[in-house]
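Input: a single structure, listed below in structure tokens.
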Amino acid sequence: MAETDEFGQPEAGNGQGLTIEGRYVIDLDHKLADFVNCPAYHVKDTVSPTAEIVALAPPALLPPQASAAVIAKIRAPNLLPVRSFSDAAGSLWILCDAPPGTALIDGGNWTETSVIERVIVPIAGILHAYNEAGVTHRAIRPDNVFDSGGRTAVCLGPAITAPPAYFQPDRFEPLTSAICEPAARGGGTIADDVFALGALAVWLLGGCVPYRDDVPGSRLEERFQKGSFAVLAGHLSLSQDVASLLATMLSDDPVARPSPRDLLNAADHKGYVVRRTPVATAPIVLGAVRVRTARALAWYAARYRKEFASLLVRGVIERWMSYELGMTQAAGRLALLAKDATLAEDGTLASSATLMEIISIIDPAMPLCWTGIWFWPDAIGQLLTVSLAGKSAASIDPSTAVFELIRSSRLDKFALVTTIPMQTAACAVVQKAARQVAVETLSDIDRLPYALNPYLPCLSPRCQNDRLIATWALLQWLNTAQDMEASGATALLDRHMAIFMAVAALRSRLVETYSDLAISKNSWSLDLALLARVQHLYMTGPLKGVGRKLLPHLTPELKRWRSRSTRTARGEQLALAASEGDLGLMQKILADPLVARKDQAAYAAARQQESKLQAERDHLDHTDTDVPSSMRNEMIRLATAVGVVCAIGSLCAEIVL
């Protein structure tokens with residue numbers, strides 16, 4: 001971030017470093033190896049020069065969640081503390097202590113006792129603090145847990161270096177999260193963190209086998225059929241007490257998992273009771289799969305839609321759930337839906353909304369399923385972010401799915417059937433954000449990620465790598481960037497920049513509605529109007545660079561002035577205002593309604609006078625003058641004589657001179 005003399009920034013920066021909070025100097029030329037999949041830089045603490053600190057720079061497409069500021073303030077024993085969570089430099093920086101020891105992913109020898117005392121209990125204490133704060137960690141995995149050796153407890157790394165659960169391998173995620181693509185997992189619940197902790201313990205007791213080559217989704221079917229504990233830990237030789245403990249932590253039913261408080265005494269507590277999930281004696285067959293549990297039925301319903309629809313409309317699903325699983329109430333609700341269900345030509349349910357509701361009735365702890373995409377409502381912002389960047393792994397465009405959900409109010413329907421309270425609240429947040437930024441057509445959906453996450457940088461391809469998270473930082477970038485205009489550009493800004501500024505102003509309550517600052521499209525003149533307003537709202541001071549970039553492209557606006565003298569005067573005034581960086585004055589010069597009306601009135605009067613003179617000339621051209629022939633001849637003779645005299649005089653003058 002280079003300083004300019006046109007307007008200030010809260011933090012100092014130069015070509016070598018960036019200072020945060022007046023004491024932490026980030027060496028931008030000293031990049032470290034990625035820390036927990038996040039770009040990292042060396043930091044010097046001017047107050048405590050011996051402290052080892054790393055600065056983390058989350059990429060633009062992978063910002064931390066909206067509650068990151070709250071998470072950054074959490075302090076607990078054995079938790080790597082966040083020293084600074086700052087966007088004061090115009091982009092987001094996360095500063096934390098360098099981790100003690102090495103990451104667990106490097107391997108080691110672990111016994112049941114050491115896993116419980118050094119891993120499960122210490123991290124349970126951290127999760128208890130998170131639970132009390134109403135947030136989750138969602139990044140418990142071997143490369144984010146550090147061991148300094150001996151008998152000391154491990155240290156858990158930060159939770160805000162990426163979107164929740166984005167880098168979690170499937171084996172460390174419960175089924176309700178693992179079936180979603182990484183961007184669609186969301187913050188989840190503290191029970192999901194308990195599952196991840198149990199999976200970490202199983203991995204340690206299994207000999208720390210490398211998992212980097214795991215194929216995403218490769219073991220999901222086996223886990224749905226046999227249960228996660230059986231698949232992940234079935235090969236281990238465990239004591240009865242530890243087996244019971246891990247079986248509860250790895251339960252596929254989130255309600256059956258112990259709370260962090262329960263795990264605080266895991267070393268002394270014996271006899272954890274595993275709550276059994278109802279299993280059908282007689283399975284129901286979908287395609288070639290024999291289904292025995294409600295959760296498996298919900299998942300396979302989306303995979304075998306034609307077979308499932310056939311069984312549903314014939315009442316087979318309803319009877320099976322009632323007789324085999326004892327889910328009579330849910331079976332009754334399914335029967336009502338089945339009566340109104342219609343089938344498409346391919347034999348599947350014609351309505352995505354119907355399938356979504358059916359899956360939620362079968363297992364209300366499952367994520368939302370729409371047109372084959374599984375996702376949690378609180379992950380919609382991140383899902384759209386990667387989708388708009390063309391990075392989504394989904395077979396169907398998530399943007400279309402989310403838009404359909406919002407416009408049809410099906411999110412409200414999901415909020416009524418899910419048993420996950422945080423997701424009920426998330427549905428309301430998404431619907432409110434969609435109203436605030438006026439998502440009325442599919443093309444408006446790119447506004448929603450900015451409205452849902454204040455830590456999402458401007459995603460314009462031109463400045464994405466700069467991770468600009470503040471409007472003033474984007475203005476400074478526009479003011480100082482060189483050769484930023486693409487060949488044949490029709491505007492200074494692009495759509496992402498305009499949306500970013502409008503949403504930021506709305507969030508800061510500088511405008512009352514999104515439309516107060518939004519523009520219909522990007523053009524040089526409309527960009528000037530937007531930037532002039534933003535310059536005024538944020539009181540940035542002169543923007544000379546922006547003025548210089550806009551000036552050459554405003555000629556068409558000057559041509560609207562009909563008076564040449566007015567046009568010349570306005571052009572000179574515009575050039576002066578641009579050199580001074582006063583965008584508001586530039587806009588006023590181009591769009592002065594009073595002078596514009598006078599100019600148009602004068603132009604109209606001139607055109608009227610022109611029309612009158614033209615009419616008189618046409619009249620004279622067609623008027624037959626009654627002149628006698630003798631007089632006409634005399635006039636011709638006189639004119640000829642005068643012409644000869646003039647010619648002789650002109651010749652004489654030329655000879656003399």
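All heavy atoms count here, side chains included; hydrogens, waters and symmetry mates do not. One-based numbering along the sequence shown.
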Task: Val47 backbone acceptor or donor facing Asp45 side chain under 3.5 Å - done: yes
Task: Donor-acceptor contact below 3.5 Å, side chain Thr136 vs main chain Gly187 - done: yes
Open item on the list: Hydrogens and angles aside, do Thr248 and Ser251 bring a side-chain donor and acceptor to less than 3.5 Å of each other?
Closed with: no
Task: Reported CD-to-CD1 distance for the pair Glu404 and Ile445, which is rounded to 0.5 angstrom - done: 10.5 Å
Task: Residues Ser228 and Asp252: side-chain donor-acceptor under 3.5 angstrom - done: yes
Open item on the list: Are there over 12 heavy-atom neighbours, none belonging to Glu222, within less than 6.0 Å of that residue's CD?
Closed with: yes
Task: Glu112 versus Ser239, side-chain donor and acceptor atoms under 3.5 Å - done: yes
- [ ] Give a yes-or-no answer on whether the side chains of Asn453 and Gln65 include a donor-acceptor pair shorter than 3.5 Å.
- [x] no
Task: Exercise: identify the closest heavy-atom pair between Leu80 and Pro100 - done: CD1-CD, 4.1 Å
Task: Positive for side chain to side chain donor-acceptor pair (under 3.5 Å) with Tyr300, one of Glu221, Glu307, Arg305 - done: Glu221
- [ ] Count the heavy atoms belonging to other residues, nucleotides or ligands that lie under 6.0 Å from NZ of Lys31, then report whether that count exceeds 12.
- [x] yes
Open item on the list: Looking at Leu459, is its backbone amide N or carbonyl O close enough to the side chain of Arg462 to form a donor-acceptor pair, meaning the two atoms are under 3.5 Å apart?
Closed with: no
Task: Side-chain touch Pro39/Pro59, heavy atoms, less than 4.5 angstrom - done: yes
Open item on the list: Please confirm whether the ring centroid of Trp93 lies under 6.0 Å from the ring centroid of Tyr41.
Closed with: yes
Task: Member of Leu205, Asn144, Ile123 meeting the side chain to side chain contact (heavy atoms under 4.5 Å, CB included) criterion with Leu200 - done: Ile123
Task: Minimum-distance pair of heavy atoms, taken over all atoms of Trp203 and Val209 - done: NE1-O, 2.7 Å
TODO: First locate atom CG of Leu405, then atom OG1 of Thr371, and finally report the distance between them rounded to the nearest 0.5 Å.
DONE: 8.0 Å
Open item on the list: With a 6.0 Å cut-off on the ring centroids, do Phe195 and Phe172 count as close?
Closed with: no
- [ ] For the pair Trp376 (side chain) and Thr176 (backbone), establish whether a donor and an acceptor sit closer than 3.5 Å, ignoring hydrogens and angles.
- [x] yes
- [ ] Starting at NE2 of His128, measure out to CD1 of Ile126 and round the result to the nearest 0.5 Å.
- [x] 12.5 Å
- [ ] May I ask you to test the Arg118-Trp110 pair for a side-chain heavy-atom distance under 4.5 Å?
- [x] yes
Open item on the list: Are there over 12 heavy-atom neighbours, none belonging to Arg303, within less than 6.0 Å of that residue's CZ?
Closed with: yes
Task: Thr161 and Leu62: CA distance, side-chain angles, deciding distance, side-chain contact (heavy atoms from CB on, under 4.5 Å) verdict - done: CA-CA 8 Å; Thr161 59; Leu62 300 176; over 6 Å; no
- [ ] Using the six-membered ring of Trp299, assess whether NZ or CZ of Arg295 lies under 6.0 Å from its centre and within 45 degrees of the ring axis.
- [x] no
TODO: Check whether any side-chain heavy atom of Met366 sits under 4.5 Å from a side-chain heavy atom of Leu175, and report yes or no.
DONE: no
Task: Pairwise distance CG(Leu297) to CD1(Ile359) - rounded to 0.5 angstrom - done: 9.0 Å
- [ ] Not counting sequence neighbours, list each pair that qualifies as a ring-ring contact (aromatic ring centres under 6.0 Å, His included) and has a residue in residues 136-171.
- [x] Phe35-Phe146, Tyr130-His137
TODO: Using distance alone, with no hydrogens and no angle criterion, decide if Ser177 and Arg138 have a side-chain donor and acceptor under 3.5 Å apart.
DONE: yes
Task: Asp192 and Arg257 ion-paired at < 4.0 Å - done: yes
Open item on the list: Less than 3.5 Å apart, any donor N or O on the side chain of Ser259 or Asp262 sitting next to an acceptor on the other?
Closed with: yes
Open item on the list: On a heavy-atom basis, which atom in Phe414 and which in Cys427 lie closest, and how many Å separate them?
Closed with: CD2-SG, 4.0 Å
Open item on the list: Whether Lys44 and Asp27 form a salt bridge (side-chain N of Lys/Arg under 4.0 Å from carboxylate O of Asp/Glu) is what I want to check.
Closed with: no
- [ ] Compare every heavy atom of Ser399 with every heavy atom of Leu384, then report the nearest pair and how far apart it is.
- [x] CD2-CA, 3.7 Å
Open item on the list: Any side-chain to backbone donor/acceptor pair from Arg223 onto Val231? Under 3.5 Å, distance only.
Closed with: no
Open item on the list: Donor-acceptor pair, distance only, cut-off 3.5 Å: does the side chain of Thr293 make one with the backbone of Ala296?
Closed with: yes
TODO: Report the C-alpha separation of Leu456 and Gln382 in whole Å, then their side-chain angles, then the decisive distance to 0.1 Å, and conclude whether the side-chain contact (heavy atoms from CB on, under 4.5 Å) test is met.
DONE: CA-CA 9 Å; Leu456 179 64; Gln382 184 59 34; 5.7 Å; no
Open item on the list: Using the rule side chain to side chain contact (heavy atoms under 4.5 Å, CB included), only one of Ile105, Val119, Leu104, Val36 pairs with Val145; which is it?
Closed with: Leu104
- [ ] Could you tell me the separation between the CG atom of Asp143 and the CZ atom of Arg212, rounded to the nearest 0.5 Å?
- [x] 6.5 Å
- [ ] Could you please spell out the steps behind the side-chain contact (heavy atoms from CB on, under 4.5 Å) verdict for His496 and Tyr450?
- [x] CA-CA 10 Å; His496 272 294; Tyr450 293 104; 2.7 Å; yes
- [ ] Might you point out which heavy atoms bring Ser387 and Asp397 nearest each other, and give the distance in Å?
- [x] OG-OD1, 3.1 Å
Open item on the list: Between Leu245 and Ile120, does the side-chain contact (heavy atoms from CB on, under 4.5 Å) criterion hold? Intermediate values first, please.
Closed with: CA-CA 10 Å; Leu245 169 63; Ile120 292 179; 4.1 Å; yes
Task: Sidechain N-carboxylate O distance under 4.0 Å for Arg219, Asp170 - done: no
- [ ] Find out whether Ile53 and Arg83 are in side-chain contact, i.e. whether some heavy atom of one side chain is under 4.5 Å from a heavy atom of the other.
- [x] yes
Open item on the list: Do Pro63 and Pro58 make a side-chain contact, defined as non-hydrogen atoms from C-beta onward lying under 4.5 Å apart?
Closed with: no
Open item on the list: Main chain of Thr111, side chain of Ser114: is a donor-acceptor contact present, judged purely on distance under 3.5 Å?
Closed with: yes
TODO: Determine whether the side chains of Glu21 and Ser84 contain a donor N or O and an acceptor N or O closer than 3.5 Å.
DONE: yes
Open item on the list: Rounded to the nearest 0.5 Å, what separates atom CZ in Arg276 from atom CG in Asp253?
Closed with: 13.0 Å
- [ ] Of all the heavy-atom pairs spanning Arg290 and Pro283, show the shortest one and how long it is.
- [x] NH2-CG, 3.5 Å
